[in-house]
Amino acid sequence: MKIRIAFIIFPWKADPRCTHPHHLDHNLDRKLDLSSEVREQDEIMTVHRPLRFWTTFHLALAFVSSAFGTDEHFKNIIMLIPDGCDDAAFALARWYKGENLKVDELDRGTMLAKMANSIIADSAPGGTALSAGVYSTDNFIAVGPRTEDLLTIFDPSDMIPPYAPMATVLEAANSLQMSTGMISTSRLSHATPAAYSAHVDDRGKEEEITLHQVHNNIDLMMGGGRRDLLPGADCPNAVPGGNRADCRNLEDELSERGYEFCRTADEMAQLEAKEGQKVWCSFAVSHMAADIDRQHFAKSEPSLAEMTAKALEILSLSPKGFFLMVEGAQPDWAGHANDPVWMATDIIAFDDAVKVAVDFAVDDGETLVLAMPDHNCGGLKIGNYLHEYVERPVEFVREPLLN
């Protein structure tokens with residue numbers, strides 16, 4: 001039986017404010033117009049550096065080989081990402097829950113990463129580092145970095161060409177005829193899922209990102225962001241909640257490509273898994289609800305664990321294996337808000353999804369499970385020098401959060 005399960009903590013430096021600048025001075029002469037590359041067929045664009053296409057696909061296997069002393073190969077890969085957090089967030093969640101987490105049972109390690117123009121990374125270059133094995137620029141999605149503001153530790157001649165689209169591990173899996181899927185509690189056009197499935201120089205180009213995703217031959221998509229599939233209010237064919245300025249109805253295009261749809265947890269549960277199935281589930285117009293709110297204010301939305309279970313039910317029918325990326329997006333936003341209850345409850349919801357993945361891997365015997373944050377956000381720490389932290393009981397952490 002071939003099983004390897006790992007929980008990896010990134011020792012990245014965290015910005016206590018976790019601010020993300022969105023206005024970049026792009027060199028337009030070298031900027032790649034990716035929108036012109038989008039085609040109606042599955043081959044979305046010509047990707048630079050084809051060798052990297054294969055090396056990134058084996059990133060996870062290389063990690064397992066080097067870290068755990070094995071040269072085993074796996075049929076399936078499940079990559080779970082709790083966005084914008086570190087080990088302190090998991091410690092908080094553990095105390096809040098009152099018992100160990102599923103990730104506590106996994107092999108553990110650390111990985112060091114950064115982005116090309118700052119020692120503090122956000123989700124776009126963080127996701128790009130995981131998906132394509134490339135250090136890129138703030139806000140860039142699976143394209144090469146600018147060279148004019150590189151960190152001094154980088155040699156521009158050694159970097160990927162600026163704005164060059166870099167194939168991702170998901171696209172590599174597609175090329176091997178594996179089934180592929182992505183899940184997120186954010187809009188599916190948000191930075192982390194975008195980094196696996198699109199190529200743009202600004203994470204804010206969510207309509208363009210969605211267009212890439214629709215034509216990137218991904219078998220399963222589950223999350224929020226229905227607005228970016230639908231024509232906006234100023235369009236003659238406007239759909240309520242739609243946000244697209246180009247007036248394209250991408251749900252119609254997905255339907256033509258054979259996709260099934262679901263918008264609620266009940267509809268998702270009723271999907272009958274079939275080999276070769278294509279599914280796009282949009283559970284919210286924008287982002288899905290925080291897990292602590294979902295139970296009260298968004299009861300039609302599934303949990304991250306429920307989405308993961310259904311995705312595995314569908315993708316596991318692929319005879320050539322599958323790649324699945326699962327993002328718990330909202331620890332990052334809890335870090336933005338400095339909200340410890342939001343952080344703890346969404347970490348626990350993520351951990352429930354990890355349990356689903358691990359249980360599947362144990363039963364399947366041919367699946368690699370990796371769980372790793374992409375960066376840290378908010379600078380959460382438990383205890384400080386100003387208080388007698390060596391005398392603090394568990395209740396000091398739990399009771400303010402539970403009351």
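Counting heavy-atom neighbours within 6.0 Å of Lys355 NZ, excluding the residue itself, gives a total of 12 or less. Around atom CG of Asp155, more than 12 heavy atoms belonging to other residues, nucleotides or ligands sit under 6.0 Å away.
A distance of 8.0 Å separates CG of Asn139 from CE of Met115, quoted to the nearest 0.5 Å. Here the straight-line distance linking atom OG of Ser318 with atom CG of Asn76 works out to 7.5 Å at 0.5 Å rounding. Atom NE2 in His212 sits 9.0 Å away from atom NZ in Lys205 (nearest 0.5 Å). Rounding to the nearest 0.5 Å places CD1 of Ile292 at 7.5 Å from CG of Asp339. Atom SG of residue Cys262 and atom CE of residue Met307 lie 10.0 Å apart, to the nearest 0.5 angstrom. For the atom pair CE of Met79 and CD of Glu327, the computed distance is 12.0 Å after rounding to the nearest 0.5 Å.
Side chain of Glu207 to backbone of Ala245: a donor-acceptor contact under 3.5 angstrom is found. At distances below 3.5 Å, not a single donor-acceptor pair connects side-chain atoms of Thr264 with backbone N or O atoms of Ser300. Judged by distance alone, with hydrogens and angles left aside, the side-chain atoms of Thr185 form a donor-acceptor pair with the main-chain N or O of Ala329 at under 3.5 Å. Side-chain atoms of Thr137 do not come within 3.5 Å of backbone N or O of Pro145 as any donor-acceptor pair. A side-chain donor-acceptor contact under 3.5 Å links Lys310 to the backbone of Leu271. For Ser255 (side chain) and Asp252 (main-chain N/O), no donor-acceptor pair under 3.5 Å exists by modelled atom type. Of the possible donor and acceptor atoms, one in the side chain of Ser136 sits under 3.5 Å from a partner among the backbone N and O of Val143. In terms of modelled atom types and a separation under 3.5 Å, the side chain of Gln213 and the main chain of Leu188 share a donor-acceptor contact. Between the side chain of Thr168 and the backbone N or O of Tyr196, at least one donor-acceptor pair lies under 3.5 Å. Within the 3.5 Å criterion, the main-chain N or O of Gly84 finds a donor-acceptor partner in the side chain of Asp374.
When all heavy atoms are compared, the tightest approach of Leu101 to Asp104 is N-OD2, 2.7 Å. Closest of all the heavy-atom pairs between Ile160 and Gly144 is CG2-CA, 4.0 Å. Taking all atoms of both residues into account, the shortest heavy-atom contact from Ala93 to Ile348 is O-CD1, 3.9 Å. Of all heavy-atom pairs between Glu275 and Pro319, the closest is OE2-CD, 3.5 Å. Nearest heavy atoms, Leu304 versus Gly328: CD2-CA, 3.8 Å. The two atoms that bring Pro340 and Leu92 nearest to each other are O-CD2, 3.5 Å, heavy atoms only.
Between Met288 and Pro302, the closest side-chain pair of non-hydrogen atoms falls below 4.5 Å. Using a 4.5 Å cut-off on side-chain heavy atoms (C-beta onward), Pro331 and Met343 make contact. The side-chain heavy atoms of Glu251 and Trp280, taken from C-beta on, include no pair separated by under 4.5 Å. Side-chain atoms of Phe154 and Thr147, non-hydrogen and from C-beta on, never get closer than 4.5 Å to each other. Put simply, the side chain of Leu170 does not reach to within 4.5 Å of the side chain of Met325, judged on heavy atoms. Gln277 places none of its side-chain heavy atoms less than 4.5 Å from the side chain of Glu272. Using a 4.5 Å heavy-atom cutoff, the side chains of Met182 and Ser197 are in contact. The shortest distance between side-chain heavy atoms of Glu105 and Asn100 does not fall below 4.5 Å.
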Practice prompt. Start with the C-alpha distance between Asp138 and Asn117, add both sets of side-chain angles, then the distance that settles side-chain hydrogen bond (donor to acceptor under 3.5 Å, both in side chains), and finish with yes or no.
Written response: CA-CA 7 Å; Asp138 184 39; Asn117 67 332; 5.7 Å; no

Fill in: side-chain contact (heavy atoms from CB on, under 4.5 Å) evaluation trace for Gln330 with Ser186
CA-CA 7 Å; Gln330 302 199 23; Ser186 70; over 6 Å; no

Practice prompt. Verify salt bridge (Lys or Arg N to Asp or Glu O under 4.0 Å) between Arg203 and Asp122, making sure each step is shown before the conclusion.
Written response: CA-CA 11 Å; Arg203 59 180 286 179; Asp122 85 334; 2.9 Å; yes

Discussion item. Checking His375 against Asp83 for the side-chain contact (heavy atoms from CB on, under 4.5 Å) test, could you report, in this order, the C-alpha distance in whole Å, the side-chain angles of both residues, the deciding distance, and whether it holds?
Written reply: CA-CA 7 Å; His375 69 107; Asp83 195 280; 3.3 Å; yes

Discussion item. Assess the residue pair Asp86 and Lys381 against the criterion (salt bridge (Lys or Arg N to Asp or Glu O under 4.0 Å)); give the C-alpha distance rounded to whole Å, side-chain angles, the decisive distance to 0.1 Å, and a yes or no.
Written reply: CA-CA 10 Å; Asp86 68 357; Lys381 296 298 176 186; 3.7 Å; yes

Practice prompt. Run the numbers on Met268 and Phe283 for side-chain contact (heavy atoms from CB on, under 4.5 Å), then give the verdict.
Written response: CA-CA 10 Å; Met268 181 188 74; Phe283 299 111; 3.8 Å; yes

Item to complete: In sequence, state the C-alpha distance, the side-chain angles, and the governing distance for Asn174 and Thr180, and then conclude on side-chain hydrogen bond (donor to acceptor under 3.5 Å, both in side chains).
Response: CA-CA 7 Å; Asn174 263 340; Thr180 54; 3.2 Å; yes

Fill in: Worked check of side-chain hydrogen bond (donor to acceptor under 3.5 Å, both in side chains) between Asn216 and Glu171
CA-CA 8 Å; Asn216 212 355; Glu171 291 166 337; 2.9 Å; yes

Worksheet item: Does the side-chain contact (heavy atoms from CB on, under 4.5 Å) test come out yes or no for Ser282 and Leu229, once each step is laid out?
Response: CA-CA 9 Å; Ser282 298; Leu229 293 170; 3.7 Å; yes

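Ring-plane geometry between Trp333 and His287 is classed as tilted, the angle between the planes lying from 30 to 60 degrees on a 0 to 90 degree scale. Under the 30°/60° scheme for interplanar angles, the aromatic rings of Phe90 and Phe350 are found to stand perpendicular.
Across the pair Cys85 and Cys377, the gap between the SG atoms, which is the quantity tested here, reaches or exceeds 2.5 Å.
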Determine all donor-acceptor pairs shorter than 3.5 Å in which one atom belongs to a side chain in residues 393-403; sequence neighbours excluded.
{"from": "Arg398", "atom 1": "NE", "to": "Trp95", "atom 2": "O", "distance (Å)": "2.9"}
{"from": "Asn403", "atom 1": "ND2", "to": "Glu399", "atom 2": "O", "distance (Å)": "2.9"}

